[in-house]
Number of protein chains: 2
Amino acid sequence: MTAVTRRERVEQKERAILEAAAEAFVESGYDGARMADIAKRAGVAEGTVYLYFKTKTDLMRAFVADFWGDLTQRAEQAVADKGETFEALDALAAMHLQNLIERFDVVELTQSGRVRRGDTPGNREFMKAYVAVFDRIWRRGMDRSELIETAVHWQARDIFFGSLEYAARTIRLHRDRTQASVVDNLIETLKKRYAVTTKEKPSTQKSERLLQRLEAAVTRLENTSNRA
Amino acid sequence: MTAVTRRERVEQKERAILEAAAEAFVESGYDGARMADIAKRAGVAEGTVYLYFKTKTDLMRAFVADFWGDLTQRAEQAVADKGETFEALDALAAMHLQNLIERFDVVELTQSGRVRRGDTPGNREFMKAYVAVFDRIWRRGMDRSELIETAVHWQARDIFFGSLEYAARTIRLHRDRTQASVVDNLIETLKKRYAVTTKEKPSTQKSERLLQRLEAAVTRLENTSNRA
DNA sequence: CATTATTTACAAGTCAAGCTCATTTTGCGA
DNA sequence: TCGCAAAATGAGCTTGACTTGTAAATAATG
């Protein structure tokens, strides 16, 4: 418990403050949270907090970064054992939606990332590593030709994350609407648009060959019957 | 300019304050905007602002409501003369994306709608009338059987608005990515998933039957001509 | 171990910004 | 012109993020 080295003690206190902040932010939102309260929860004077985090904004940034870091780990686990592209996407979507719904407060914090005009909020800066999980699946899918060649990576990604975020809001408002159906629908939609259909193409090719043969035959027959 | 009746004067002043607030919010964001500055811009004492709007939050709410009101009008116009479901959706999507990109600052304000824990921010409260435009198109599409019967209205809506919002962010970050392609892709995706394919399904069935018949005929003819 | 130096902690105090309220000004009917 | 209610004012009040001068704890030095 009680650490020995200086470094350990410092890190321990930093964690304590961060945890206190997390509680406060989740309970009261960014504006609602009071620095004084966070200090008290961490068992530290108000001034001390500022030795570890320059501003309140900084504190929230750290908190949000932590959050997305955790999510990324979980996402990677959820996806690890999934071989086929849409299986992996399904797992990722289910995970993502679940987290969005459970911890929507934090997600909203992420996006409302206090901007005082001028400094880049990095709304999505936090999400970069997280989004990379999707990117990896997608790229692998392209390599394996499980996705059509004309698929535009970033457009698919926006559909994926965008619709899930909106769905999360909807579900929070109407508890009767199920997560599973959202994920199923999304995956179905992506499949219809982006999946390579190994069955369809060949069959049309076959019928085209057939058509050519028929046309040739008919032409020939027409000629012979005309001549006759 | 100078109004006559008391009522008119009051309304005029309210508008002046609202306009001043709009400028300030767009320039500096919610936090950056100063009530003192808004008052000065509107040519009014700071206390006066509070006679018209109870709080700063209220002021922003009014501003954002106005904004979405305008958008709704424009959306309705854009969609008015579009007959077929996906044509209308295409027009709406193009309009929406355009506005998201142009006025993203306001959209972000909408979502960061200051929450002091407890009161519903009504993120989407503003958007209700706006979203109704989509709903109308969709419902009509169902009535006309241009959409498959199993389509889930709200899920489609979330895909529509969610992906457009994310796409808007992406496009703002990478100016080279085009709006048109996003809209095309979205509509294509929705079609593949939700459109009733009155031509395709029956036609392929029909053409297959036709093919079979032709093949049989040709085979027969070939045989007879061979025999001859 | 004593002393000095440095890092860490503290909490009283500053400052800025949203909001209030006692007072003044304005406009209208009698 | 007078009276009075509605409208406007701006000097404070309050709150909460941040600063800063001071004190405690820890490390370095002789």
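Just so it is clear: chains get the letters A, B, ... in the order the sequence lines come, proteins before strands, and each one is counted from 1. Note that these values count all heavy atoms, side chains included, but never hydrogens, waters or copies made by symmetry.
- Contacts of A:N185 classified as side chain to side chain contact (heavy atoms under 4.5 Å, CB included), with partners at least two apart in sequence or in another chain: A:T189, B:Q155, B:I159, B:R193, B:Y194.
- Distance A:L59 CG to D:dG16 P: 17 Å, rounded to the nearest Å.
- Rounded to whole Å, the distance from NZ on A:K13 to P on C:dT7 is 16 Å.
- Here the options are A:R41, A:K40, A:R34, the test is side chain to side chain donor-acceptor pair (under 3.5 Å), and the partner is A:D37; only A:R41 passes.
- Atom CD1 of B:I17 is separated from atom C1' of D:dA8 by 11 Å (rounded to the nearest Å).
- B:D58 has its CG atom 13 Å from the C1' atom of C:dG18, to the nearest Å.
- Residue A:R34 places at least one side-chain N or O closer than 4.0 Å to OP1 or OP2 of D:dA17.
- Distance CD (B:Q12) to P (D:dA8): 11 Å, rounded to an integer number of Å.
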Table of protein N/O atoms under 3.5 Å from nucleotides 19-23 of chain C N/O atoms:
from, atom 1, to, atom 2, distance (Å)
C:dC19, OP2, B:Y50, OH, 3.4
C:dC19, OP2, B:K56, N, 2.8
C:dC19, N4, B:E46, OE2, 3.2

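- If you take OH of A:Y52 and P of C:dT7, they are 14 Å apart, rounded to a whole angstrom.
- Every residue two or more places apart in sequence or in another chain that forms a side chain to side chain contact (heavy atoms under 4.5 Å, CB included) with B:A78 is listed here: B:M95.
- Atom CD in B:E11 sits about 16 Å away from atom C1' in D:dA7, given to the nearest Å.
- Using a 4.0 Å heavy-atom criterion, one finds that A:A39 contacts no nucleic acid atom at all.
- In this structure, A:H96 has its ring center under 6.0 Å from that of A:F161.
- Below 30°, between 30° and 60°, or above 60°: for B:F134 and B:H153 the angle between ring planes is between 30° and 60°, a tilted geometry.
- Straight-line distance from the CZ atom of A:F53 to the P atom of D:dT19: 16 Å, rounded to whole Å.
- Side chains of B:T170 and A:D158: a donor on one and an acceptor on the other come within 3.5 Å.
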